[in-house]
Number of protein chains: 2
Amino acid sequence: MKKINAKKGTLLQQKGEISSKVYLVENGLLRSYTIDEKGKEHIYMFGPENWLVADNCEPNTPCQLFIDAVEDSIINVATKEELLKEDPDLNALLRRLETMQNRIIMLMSSNAKERYEHFVKTYPNITQRVPLKMVASYLGITPEALSRVRHELSQKK
Amino acid sequence: MKKINAKKGTLLQQKGEISSKVYLVENGLLRSYTIDEKGKEHIYMFGPENWLVADNCEPNTPCQLFIDAVEDSIINVATKEELLKEDPDLNALLRRLETMQNRIIMLMSSNAKERYEHFVKTYPNITQRVPLKMVASYLGITPEALSRVRHELSQKK
DNA sequence: CCTATGCATTGATGTACATCAAGAAATGAC
DNA sequence: GTCATTTCTTGATGTACATCAATGCATAGG
């Protein structure tokens, strides 16, 4: 756990970095965000005093989020390894957080078609086990919209 | 940890219940969902084999989600108290999961105005500390749309 | 078997929000 | 201070998706 000072605008973590850290904000304000293929920024989280800011990805995988300082900030930085050593079965929860993080980013940055394609990739078997209207409800679109997306995709092939 | 059998369609948990449980799916398929004010259903999560399904609310607060069985299922049920006894500092993570759950539900069920009002309530001070375009980026809307929402809200008062 | 209920599809129309463009106001650099 | 840059607002237009309504298909129950 190392204490550091970050001037407003400092980039603490880049999307794609492997050794993503955990940032405990003592003072100031951090933000984590991603940039989609269209170049659009989506803020995932603000981290004011006493918040924990981190990319919820598994240790030793490339992370998804940029993290920078919105105000001059004082922050405590830890590695995930450090934290996992203290509490090993955090791992399952971390994976859960990752799933939710992906979902939030998807909801903010993807249209109906992209969401559906992502869903099929992530849960290949579920599509056969539930009525399509439930898939639509999970994706945040109407059954009608999903029907049209599926029609369009089947044409393309 | 009690093992139970749930026929397709069985409702395991109602929105508003206090003692929400944790469900580990051994076999079958669960789903958790909420119903918004317009009566519309939003599926929060599917729980196939080996998934953990739960409302990520704090123990002893009314929960937000309905949970039911989409297929005939075999499930292990635990109370949150049980789990917290085993691992007390899960509490911080639970609160984090709750925040993300709220965000996902909000993204699926609310329009721009509702999201902004919710944001202001949840982070009253942040609005003053960051440019509005960052708030827009957090809410998943454009700065232009946020500007119009704010204009509309200020008229109303 | 027949009928009722739920599900999926298709078309017509509506709407919330995005995009594009321009100008005004605030902020920062020097 | 002045100029440049970023932020915010406002208007005009476009578009993805919702809503509404009708129809065809399953599936389940008696």
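All chains are named by letter (A, B, ...) in the order of the sequence lines, taking the proteins before the strands, and each is independently numbered beginning at 1. Worth saying up front: this structure is predicted, and the values here are computed from it rather than measured.
- Whole-Å rounding puts the A:Met134 CE to C:dG6 P distance at 13 Å.
- Between B:Phe66 and B:Tyr33, the two ring planes are parallel [angle under 30°; tilted spans 30° to 60°].
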>> What verdict does the side-chain contact (heavy atoms from CB on, under 4.5 Å) test give for B:Leu12 and B:Ile75, after you've listed the backbone C-alpha separation in whole Å, the side-chain angles of each residue and the deciding distance to 0.1 Å?
In response: CA-CA 11 Å; B:Leu12 296 166; B:Ile75 326 155; 3.7 Å; yes

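- Whole-Å rounding puts the B:Arg129 CZ to C:dT27 P distance at 17 Å.
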> What string of B, S and - do you get for nucleotides 16-30 of chain D 5' to 3' if you count protein non-hydrogen atoms under 4.0 Å?
Replying inline: -SSBB----------

Give the table of side-chain donor-acceptor pairs shorter than 3.5 Å for residues 98-105 of chain B, with sequence neighbours excluded, one pair per line with atom names and distance.
from, atom 1, to, atom 2, distance (Å)
B:Thr99, OG1, B:Arg95, O, 3.0
B:Gln101, OE1, B:Asn56, N, 2.9
B:Gln101, OE1, B:Asn56, ND2, 3.1
B:Gln101, NE2, B:Asp55, OD1, 3.2
B:Asn102, OD1, B:Gln64, NE2, 2.5
B:Asn102, ND2, B:Glu98, O, 3.4
B:Arg103, NH1, A:Tyr44, O, 2.5
B:Arg103, NH2, A:Ile43, O, 3.1
B:Arg103, NH2, B:Tyr138, O, 3.1

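- We find that A:Asp72 and A:Lys7 are joined by a salt bridge, their nearest charged nitrogen and carboxylate oxygen being less than 4.0 Å apart.
- A salt bridge links A:Glu49 with B:Arg129; the closest basic N to acidic carboxylate O contact falls under 4.0 Å.
- Taking only side-chain nitrogens and oxygens, B:His151 never comes nearer than 4.0 Å to OP1 or OP2 of D:dT9.
- Rounded to whole Å, the distance from CG on A:Leu132 to P on C:dT10 is 12 Å.
- Nucleotide C:dT10 holds its C1' atom 19 Å from the NZ atom of A:Lys133, rounded to whole Å.
- One distance of note links CG of A:Asp68 with CG of A:Leu11; it measures 6.0 Å at 0.5 Å rounding.
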